[in-house]
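Take a look at the structure below.
Per chain, numbering begins at 1; letters A, B, ... match sequence-line order.
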Protein chains: 2
Amino acid sequence: MALKNHQPLDPAYLEKLQDYYAEHKVIPSYSVLATLWGISAKSWVSECVRRFEEAGYLDWTPDRQLKPGARFFERRLAHDTVQAGLPNPALSDGYDLVTIDDYLVRVPSKTSLVRVKGESMIDAGIHDGDLIVVEQQPNANVGEIVVAIVDNEFTVKYLDREKGGFVLKPANKAFPVIRPQGRLEIFGVMAGLVRKTR
Amino acid sequence: MALKNHQPLDPAYLEKLQDYYAEHKVIPSYSVLATLWGISAKSWVSECVRRFEEAGYLDWTPDRQLKPGARFFERRLAHDTVQAGLPNPALSDGYDLVTIDDYLVRVPSKTSLVRVKGESMIDAGIHDGDLIVVEQQPNANVGEIVVAIVDNEFTVKYLDREKGGFVLKPANKAFPVIRPQGRLEIFGVMAGLVRKTR
DNA sequence: CGGTGCACAGAACGATTGTTCGGTAAGCTA
DNA sequence: TAGCTTACCGAACAATCGTTCTGTGCACCG
């Protein structure tokens, strides 16, 4: 059998695991890992896993199931271009980012998307047709951008307080402040924004 | 023991699983699923999993390990008109399902993300810290927003033409037009924008 | 030259896995 | 009222899991 010598042992293994995870969205069992890595002893897989765990690439759930660790998704935002060795382009912090969904959505069951209508929030960089990522919750703090329900329609506005009552302030001088009579129904708080331009 | 009657059986279970997955990035075992769902028989978990699999929310790896299915990452898109019975956002009615990645990324292999630095495009609703979804390609049309490489850094600007040469125009009167000497190196064209606000 | 690591193989084993099958209680239908 | 379906429970069981422990061969080192 062909024996291979990995000098640092790590990087090839990790990449294969990452590719597997990218395809299946799941960490495989030790025996699958063994064939994936070309190893024939589970004991050695166990040892390798331990090292990846030490390095922060793997982790365990409270139920002692193997899962991706904090550094597992480490990856450049912008990859180096096709050619011309330009240096690491401006990605300040080491971002971990699997998918855009993951970047924006913290609690899937409480998150939904709302399409923006009109230009009333244009000074906040929110344009007609943008999608707002909303975390559903019944109340919010002054200053946050909220999605409220006014006249059976979603409205995106800043939440503010005026003489003891809540008001909805647009980010556009051409639009009026909304002072709801009665109770203000808040659908959720803006957690992000998605715009498609092509 | 308190028994619960789920009419459609599905949505609450799925949401809990999605939240679990969002936290741990892994599908748990049947016994963990049982406690997660408040079920005490693995056989019933097995049946529920089968239904989710039939519906496309779960799937199996070639090694028969449970993994997220094609529809697992779908997100609710709330329409701009709210129907009356809102409190529990019922699936299907009034909601389209979409994953943000699919919405923004057409060609994964040619798409990357670039973080915006500065306020030079603020009039186009592009803020400092936003992520630009870029489709990599070496040239673009006048009027498109492009990501170019100037002085070894990414720059987001409108592409325009001036006296036979290409120039990069900011969307902010306080910033100057960039007139590159020599060839303009275009990294790609903006296809979307992602902003995280929470 | 002998020794001491290191990178792996292989077997053994208890724990946990998911499946199968049979049972029960409630609700609808006729 | 009987009968069927649905939503669950519980036990049993073979398969698979991950751990542990004991080799083995090569490489470097003095």
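- Rounding to whole angstrom units, CD of residue B/Q65 and C1' of D/dA15 are separated by 15 Å.
- By the side chain to side chain donor-acceptor pair (under 3.5 Å) test, A/K67 is found to be paired with B/H24, residues two or more places apart in sequence or in another chain being considered.
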Filtered N/O pairs between nucleotides 13-20 of chain C and protein, under 3.5 Å:
unit_1 : atom_1 : unit_2 : atom_2 : d
C/dT17 : OP1    : B/S29  : OG     : 3.0
C/dT17 : OP1    : B/S31  : OG     : 3.3
C/dT17 : OP2    : B/S31  : OG     : 2.8
C/dG18 : OP2    : B/Y30  : N      : 2.6
C/dG18 : N7     : B/K42  : NZ     : 2.5
C/dG18 : O6     : B/K42  : NZ     : 3.1
C/dT19 : OP1    : B/R64  : NH2    : 3.3
C/dT19 : OP2    : B/Y30  : OH     : 3.3
C/dT19 : OP2    : B/S46  : OG     : 3.2

Atom pairs and distances, side-chain donor-acceptor, residues 191-198 of chain A, under 3.5 Å, sequence neighbours left out:
unit_1 : atom_1 : unit_2 : atom_2 : d
A/R195 : NE     : A/D130 : OD1    : 3.0
A/R195 : NE     : A/D130 : OD2    : 3.2
A/R195 : NH1    : B/A124 : O      : 3.2
A/R195 : NH1    : B/G125 : O      : 3.3
A/R195 : NH2    : A/G125 : O      : 2.9
A/R195 : NH2    : A/D130 : OD2    : 3.1
A/R195 : NH2    : B/G125 : O      : 3.3
A/K196 : NZ     : B/Y103 : O      : 3.2
A/T197 : OG1    : B/M190 : O      : 3.3
A/T197 : OG1    : B/A191 : O      : 3.3
A/T197 : OG1    : B/G192 : N      : 3.4
A/R198 : NH1    : B/E135 : OE1    : 3.0
A/R198 : NH1    : B/Q137 : OE1    : 3.3
A/R198 : NH2    : B/Q137 : OE1    : 3.4

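- Listed by chain and number, the hydrophobic cluster partners of B/V177 are B/V167, where partners are ILVMFWY side chains within reach of under 4.5 Å, directly or through others.
- The ring pair (Phe, Tyr, Trp, His ring centres under 6.0 Å) check on B/F72 picks up B/Y21, with sequence neighbours excluded.
- Note on residues 170-181 of chain A: pairs passing salt bridge (charged side-chain N to carboxylate O under 4.0 Å, His left out), not counting sequence neighbours, are A/E162-A/R179.
- Among D/dA7, C/dG10, D/dC9, the nucleotide with an atom closest to any side-chain atom of A/A41 is C/dG10.
- Listed by chain and number, the residues in a ring pair (Phe, Tyr, Trp, His ring centres under 6.0 Å) with A/Y57 amount to none (sequence neighbours excluded).
- Summarising the hydrophobic clusters (Ile, Leu, Val, Met, Phe, Trp, Tyr; side-chain heavy atoms under 4.5 Å, direct or chained), the residues clustered with A/I122 are none.
- Atom CH2 of A/W44 is separated from atom C1' of C/dA11 by 18 Å (rounded to the nearest Å).
- Recorded end-axis angle for the helix from C/dC1-D/dG30 to C/dA30-D/dT1 stands at 20°, based on five pairs per end and rounded to 10 degrees.
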